[in-house]
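Throughout, numbering of the chain's residues begins at 1 and tracks the sequence.
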Amino acid sequence: MEPQRAVLLIFLILFFLFSPDTSQPSRTQRAGIYTQILRQHEALENLRNASYGQLVRANNGKNNATSFGDPNGFSWDLLPEVQKRARAQYLRLFLGTERVTENDVAVGSEQAYEVAARSSLPLYQNVSGTIKGNFVRQPVTGPMHTPSNLTSLVLEDRSVIKEFWRNVTESEGGLTLRIFEEDKDGTTDLAVKEISADAAVQTESAPGSGWEMKLYGVHYPKSGSIILTTTSEKFPGIFTLPHLALIRDDFENAQELLNRSLSKTLSDRQRSNADDLTLPWMSKAGAESTSIFSAPSCEYIVYLQQQPVPLQKLSLNPLQQIQILMQIEKELRFPEGAPVPEAPPMAFSAVIFSPDCGFILESREGLDPTKSYFLSGPKIEAFWTLIRQLLLALLIVLGLQITLLKRQMDEASTPSMRSRTSYHSIAIMAMADGLMLATLIAVSMVNDIGFLILTSAGFLCFFNFAFFEMKFIYDIWLVQVGHQRRDAEGRSAQQANADVQNSTTTQPSSDESPLQPSAQVASDPSRLPLPVTTSRSIDLGATPIILPPDQDIEAVTEGDTTQNAATADTNPRARTHVDFQTLYSRFYFSMLVLVFFSLWAFSWPTALRSAYANVLCFTYLSFWVPQIYRNVMRNCRHAFTWEYIIGISILRLVPVLYCYLNSSNTLSIETDPHAGVVLAGWVFLQVLTLAIQQFLGPRLFVKESWCPPAYDYHPLLQSDLDDVEAGSLLPIGFLASASEAKEKEEDSTKDKLSSKNLKIFDCAICMNEIEVPVIPSKETAKRSKLGASWLGRRTYMVTPCRHIFHSECLEGWMRLRLVCPICRESLPPL
């Protein structure tokens, strides 16, 4: 290591070792932490002394138990209506029984709720999982939004933006809840348990994935009711959670649980002298927590009611259904291979209330049970089982892609085949595989579940992307850049020869002396003729002439140019490597930009993000477009095998359709069946175009002026020498083997007319006969109407040197060598 670099490294190490720790709070911040702890202890003391219904009774004045009230701007007058709707969710489960009437549901009767809560229903005892669905905004009486008095709520408020975050102004939207519930000490028969959830409210005005927040609350396993709330500096919702209970028993159970749990948490924080500036139950998440300027946020209170698990198909009574569900849940959490039915998904109804922003959201539209929008989703164990199955399917897909690509690389092992292939098609697939690799790496870093399968899928993706696809692109690039360079050198040589001929034919001017050339020769001793006595080499006619092989990309002569071959200026292969390194760098830079651009797209509004995803998928599934374009421009076909075309099209289309058509996809992507059908049709259209180019010609329905001229291996043969320059017509007399052509024997009167228009040639490759349709000159104008002749000419091929072969024979020959099998003249690639 150079001394300058060593000094710089030592300086950086000392800087990081002795630099002050900015994560430690200052003296003022530490005083604020102690103030927070004192406030939390005060709120906990108020919770211990609280009584059921105290929050509602204190609606018209200051509430000493929770520090809430109308002077602070909270709309607690809406809480009774919200609780009535929450009770009605549970009472609807008992409609049609003697315990609950329709009037009880309409008024949300607390007495009917207490009676119904003693019943047992087939409900999951642990509701960890992801649920999602839609919500509608319910009309409320009074002001829709009451501004909060932040000065009275929080003394050290740092909000500088007056617009509320997490405010829902739309009439409908989406809701996603990731619920986490832990059974401590293995206890599952508690009356109430702690629970938390990550919520995302998707609306048109919400940024990125929606308004994100962290919720904390309690779960009543017997009734399936869940109460969740946000917590912030101005809204200590976790301390007022028991006041949100629907009946007295639920209030007392939640009060006992939270007194014990919150006391332990606060004691541990005070004992450890924590320096964390945030509250233990802070609900900020996503864009809100990373915002430069803090803004007030709408607080949320969420009532969830679990729906009974549908086990009616098993023909069991309610008690047996509860027992079977317990066995299913036990098998999910502790797999033993027990023969239990598949776990049905969870379903919840929800009522959401914002006490400061004054809105009510509900997963059911009104009281009509036919218009229900339940939040549903699998349990966490079933979800991860599905994830593992999908990852195994991804492993199979990647393995099949590698197999098909390897077979295609073996098939296209010659320069003739590689010259037909568009490396842009392979580059599009490689770009998509690079994005998938980055996604798998990111998921494996944040989640330990399925790490082995994720790692295996990432390895196969990296193996396919970095080794096979990039190697195939490099092989194709070497051939095609060699062709381009030789074409350019050929044009330069022709131009130089033309310039030399023009200079030699130019007459000298009158003022030039005719002895001037002799003078020039005399002035240069190296150009004088050798002496007579000098020994001369005798040409015996055996001097070998070394010709480069037909398949060499660049013929580099040895001898005097050996020393210069190491430099990029004189060695074409070295210059090719330098060019590919530039292409390689641009490819990885483009992929890196695409990765960061895609990550940025997660923060866009929903409509813009969906449009970006559709454009990205459409571009990705256009991987056959560059090959179609190259077939037209080069007048070539059959670059890929049909095994590879059909296999890759299916393997790359199916994962995209899974996200677009499956509403329960594991990526939580909003389905769009119309876009999925369009993408599937687009891939089918590309494959159909390749099939048309393969069997009917690459330039079918393409004007000649749109593409450069190219040799046509399938000309129409004419019986006489008239109209020689008529388009793609070739007089049969121009063929090298025209004298050997035979008339087809007439088998019957029916074939008499058709046999006159057929000639028989011999294929020099397979040594079999070729039946070639011939068009009389008088029918030249009608040749476009002769479908049989137009299709029949696809059975034979005529080389530029006028030799005729079977199409299959010559195509198989040209896959190996681009020379005529008879005269060895160079052939243009297909």
Side-chain angles (χ1 to χ4, degrees), residues 416-417 420 550 635-638 642 691-700 710-830:
S416 175
M417 293 294 296
R420 314 177 195 177
D550 298 322
N635 197 26
C636 61
R637 54 193 174 90
H638 199 46
W642 281 109
I692 292 175
Q693 290 183 334
Q694 168 67 24
F695 299 106
L696 302 181
R699 295 186 176 182
L700 184 66
Y711 180 74
D712 185 10
Y713 278 95
H714 304 278
L716 289 171
L717 298 182
Q718 187 179 347
S719 60
D720 52 23
L721 301 180
D722 297 337
D723 198 13
V724 174
E725 302 297 334
S728 60
L729 288 177
L730 177 66
I732 194 172
F734 282 18
L735 296 179
S737 56
S739 59
E740 302 176 2
K742 298 175 291 183
E743 297 284 349
K744 182 180 180 180
E745 298 180 0
E746 301 178 6
D747 297 336
S748 62
T749 306
K750 182 178 180 180
D751 297 335
K752 183 176 181 180
L753 181 61
S754 61
S755 61
K756 293 181 179 179
N757 297 332
L758 292 176
K759 295 292 183 179
I760 304 299
F761 292 86
D762 292 329
C763 177
I765 298 178
C766 66
M767 305 305 294
N768 292 324
E769 294 181 346
I770 312 173
E771 292 185 2
V772 180
V774 180
I775 298 178
S777 58
K778 64 181 180 180
E779 298 182 4
T780 299
K782 303 180 181 179
R783 64 181 183 272
S784 59
K785 301 180 181 179
L786 298 177
S789 299
W790 184 74
L791 294 175
R793 62 176 178 164
R794 295 296 165 185
T795 61
Y796 65 89
M797 295 176 64
V798 179
T799 62
C801 51
R802 301 297 186 261
H803 293 105
I804 188 169
F805 306 92
H806 286 114
S807 295
E808 296 180 357
C809 297
L810 187 59
E811 286 180 1
W813 173 272
M814 295 179 67
R815 289 170 57 186
L816 303 177
R817 306 182 70 83
L818 291 177
V819 295
C820 178
I822 297 178
C823 63
R824 302 297 175 179
E825 184 177 342
S826 298
L827 299 178
L830 289 174

### Task
Give the minimum heavy-atom separation between Glu811 and Arg420, together with the two atoms involved.
O-NH2, 4.4 Å

### Message
Rounded at 0.5 Å granularity, tell me how far CD in Glu825 sits from CG in Leu818.
### Response
12.5 Å

### Task
Ignoring hydrogens and angles, tell me if any N or O in the side chain of His806 forms a donor-acceptor pair with the backbone of Glu769 under 3.5 Å.
yes

### Message
Pair Ile760, Glu771 - check side chain to side chain contact (heavy atoms under 4.5 Å, CB included), show working.
### Response
CA-CA 5 Å; Ile760 304 299; Glu771 292 185 2; 3.5 Å; yes

### Task
Check whether any side-chain heavy atom of Leu827 sits under 4.5 Å from a side-chain heavy atom of Cys820, and report yes or no.
yes

#### Entry: Atom pair CD1 (Ile822) and OG1 (Thr799), whose distance is rounded to the nearest 0.5 Å
7.5 Å

### Query
When the ring planes of Tyr711 and Tyr713 are compared, do they come out parallel, tilted or perpendicular, using 30° and 60° as the limits?
perpendicular

### Task
Please examine the side chains of Pro800 and Pro828, heavy atoms only from C-beta on, and report whether any two atoms are closer than 4.5 Å.
yes

### Task
Kindly write out the residues that satisfy side-chain contact (heavy atoms from CB on, under 4.5 Å) with Ile692, not counting sequence neighbours, or none if the list is empty.
Leu688, Leu696, Leu700

### Message
To the nearest 0.5 Å, what is the distance between CZ on Phe761 and CZ on Phe805?
### Response
12.0 Å

### Atom pair OG/CD1 of Ser807 and Ile770 - distance to nearest 0.5 Å
8.5 Å

### Query
What heavy-atom pair brings Cys636 and Pro698 nearest, and what distance separates the two atoms?
O-CG, 3.3 Å

### Message
Working to the nearest 0.5 angstrom, can you tell me the gap between Cys763 SG and Met797 CE?
### Response
11.0 Å

### Query
Looking at CD of Gln693 and CG of Asn635, how far apart are the two atoms once the value is rounded to the nearest 0.5 Å?
9.5 Å

